[in-house]
Amino acid sequence: MKVLVTGFEPFGGEKINPSWAAVRRLPDEVEGVEVIKFQLPVTFNGVRETLPRMIVKEHPDAVVLTGQAGGRPNITVERVAINVMDSTMPDNEGYKPEDEPVFEGALTAYFATLPIKVIVRALRKAKIPASISNTAGTYVCNAAMFTALHTIAVSGMDAKAGFIHVPFSHEQALDKPRPSMALETIEKALEISIRTLIDDLNRERI
Ligand code: PCA
């Protein structure tokens with residue numbers, strides 16, 4: 001089995017993005033499952049071009065996308081991606097879409113196909129604050145989640161996909177009064193999420 005895990009490059013004037021900073025430190029193999037790590041650009045066009053190519057090429061059993069949700073105090077596992085790009089903050093290419101679809105003619109929304117509640121329970125059992133989020137926003141993270149779920153749906157693949165948002169790291173919060181989490185904890189949270197997902201896939205396939 002193979003799991004594709006992505007994080008994002010920095011954006012919004014930050015020097016790091018804790019999602020990629022944590023993903024790049026993950027092991028290359030978890031419970032005998034290959035972990036492919038990939039850094040995504042924070043651009044609406046970049047994710048819509050890169051992700052479908054990666055998913056079709058790697059043909060993973062699951063896709064775990066991660067991104068920074070600055071201001072959120074805990075790990076949030078997203079429930080839904082919507083077919084909208086709407087942003088007042090430009091992406092890293094200066095693009096600021098208003099009320100545009102991620103993919104013209106596609107469904108209004110896709111639910112995550114990861115076992116989101118099982119993941120949240122596993123994180124909380126490990127004493128890591130985590131909850132379900134019912135919105136991934138309308139910026140690049142939502143577009144990436146929508147793109148992954150749409151790609152899997154239209155190509156008829158049997159892969160699970162979803163998105164995990166992580167807070168600012170302590171290092172990022174040094175100069176601003178915002179909630180933050182240790183990068184080590186974020187990394188541990190992602191590893192637990194991947195383990196939980198693999199256990200779930202194994203159970204389903206017995
Ligand atoms: N967070 C942004 C995009 C990239 C990232 O890490 C978001 O939540 O949309």
Side-chain angles (χ1 to χ4, degrees), residues 2-14 16-24 26 34-72 76-114 116 133-166 190 193-194 197:
K2 194 194 266 187
V3 180
L4 173 63
V5 187
T6 70
F8 278 101
E9 66 183 4
F11 70 105
E14 294 294 325
I16 70 146
N17 189 318
S19 64
W20 175 247
V23 166
R24 64 193 285 273
L26 289 170
E34 191 185 352
V35 179
I36 313 270
K37 301 165 226 169
F38 193 74
Q39 184 182 212
L40 288 171
V42 182
T43 68
F44 288 98
N45 290 331
V47 297
R48 287 182 298 169
E49 279 165 25
T50 314
L51 260 180
R53 228 184 314 119
M54 281 293 291
I55 292 172
V56 169
K57 176 176 148 237
E58 297 290 347
H59 215 86
D61 298 275
V63 182
V64 180
L65 308 165
T66 72
Q68 163 193 307
R72 286 193 188 168
T76 44
V77 184
E78 300 294 345
R79 188 195 296 272
V80 61
I82 58 177
N83 193 10
V84 171
M85 304 190 294
D86 187 67
S87 159
T88 48
M89 177 163 81
D91 70 10
N92 282 356
E93 272 176 349
Y95 182 38
K96 241 177 7 177
E98 192 183 347
D99 298 333
E100 287 181 37
V102 182
F103 289 104
E104 195 85 53
L107 295 181
T108 303
Y110 284 99
F111 284 125
T113 47
L114 297 180
I116 58 171
S133 157
N134 292 313
T135 174
T138 53
Y139 193 52
V140 178
C141 288
N142 170 73
M145 182 176 172
F146 191 91
T147 299
L149 288 160
H150 182 64
T151 302
I152 290 166
V154 298
S155 61
M157 283 168 65
D158 179 25
K160 310 264 182 201
F163 199 103
I164 300 176
H165 262 123
V166 307
L190 297 183
S193 304
I194 294 166
L197 157 69

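As a basis for the values below, the full set of heavy atoms in this structure was taken, side chains included, without hydrogen atoms, waters or symmetry mates. FYI, the numbering just counts along the sequence from 1.
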>> If I take atom NE2 from residue H59 and atom CD1 from residue I152, how far apart are they, to the nearest 0.5 angstrom?
In response: 9.5 Å

> Is there side-chain contact between T138 and I82, with heavy atoms separated by less than 4.5 Å?
Replying inline: yes

> Between V5 and L190, is any pair of side-chain heavy atoms under 4.5 Å apart?
Replying inline: no

>> Please report the interatomic distance CD(E78) to SG(C141), rounded to the nearest 0.5 Å.
In response: 8.0 Å

> So L51 and T151, side-chain contact (heavy atoms from CB on, under 4.5 Å) or not? Walk me through it.
Replying inline: CA-CA 8 Å; L51 260 180; T151 302; 5.8 Å; no

>> Quick one, T108 and N83 - any side-chain contact, counting heavy atoms below 4.5 Å?
In response: no

> Just by modelled atom types, is the V42 backbone N or O under 3.5 Å from a matching donor or acceptor in the E9 side chain?
Replying inline: yes

> Closest heavy-atom contact between F44 and S87?
Replying inline: CZ-CB, 4.1 Å

>> Working to the nearest 0.5 angstrom, can you tell me the gap between F8 CZ and E14 CD?
In response: 15.0 Å

> Should S193 and I164 be marked as a side-chain contact (heavy atoms from CB on, under 4.5 Å) after you check the CA-CA gap, both sets of side-chain angles, and the distance that decides it?
Replying inline: CA-CA 9 Å; S193 304; I164 300 176; 3.7 Å; yes

>> Looking at every non-hydrogen atom in both residues, tell me the closest pair between V23 and T6 and how far apart they are.
In response: CG2-O, 3.8 Å

>> If I take atom CG from residue L149 and atom CG from residue L65, how far apart are they, to the nearest 0.5 angstrom?
In response: 8.0 Å

> Could you give the distance from OG1 (T66) to NZ (K37), rounded to the nearest 0.5 Å?
Replying inline: 12.0 Å

> What's the verdict on side-chain contact (heavy atoms from CB on, under 4.5 Å) for V140 and F11, showing C-alpha distance, side-chain angles and the deciding distance?
Replying inline: CA-CA 11 Å; V140 178; F11 70 105; over 6 Å; no

> Is atom CG of N134 surrounded by more than 12 heavy atoms (other residues, nucleotides or ligands) closer than 6.0 Å?
Replying inline: yes

>> Would you say that D61 contacts K2 through its side chain, given a criterion of any heavy-atom pair below 4.5 Å between the two side chains?
In response: yes

> So do the side chains of D91 and Y139 get within less than 4.5 Å of each other, counting heavy atoms only?
Replying inline: yes

> Are a donor atom and an acceptor atom from the side chains of S19 and N17 found within less than 3.5 Å of each other?
Replying inline: yes

> What orientation do H150 and F103 show, parallel under 30°, tilted 30 to 60°, or perpendicular over 60°?
Replying inline: parallel

> What orientation do H165 and F163 show, parallel under 30°, tilted 30 to 60°, or perpendicular over 60°?
Replying inline: tilted

> What's the shortest heavy-atom distance between V47 and P52, and which atoms?
Replying inline: O-CD, 3.6 Å

> Counting distance only, does the side-chain N/O of R24 pair as donor-acceptor with the main-chain N or O of W20 below 3.5 Å?
Replying inline: no

> Minimum heavy-atom separation for T43 to E93, with atom names?
Replying inline: CG2-CG, 3.6 Å

>> Between F38 and E58, is the side-chain contact (heavy atoms from CB on, under 4.5 Å) condition met? List the steps.
In response: CA-CA 11 Å; F38 193 74; E58 297 290 347; over 6 Å; no

> At their closest point, which heavy atom of A136 faces which heavy atom of N142, and how far apart are they?
Replying inline: O-CB, 3.6 Å

> Which distance, rounded to the nearest 0.5 Å, do you find between the CD1 of I55 and the OG of S155?
Replying inline: 8.0 Å

> What heavy-atom pair brings T113 and A159 nearest, and what distance separates the two atoms?
Replying inline: OG1-O, 4.1 Å

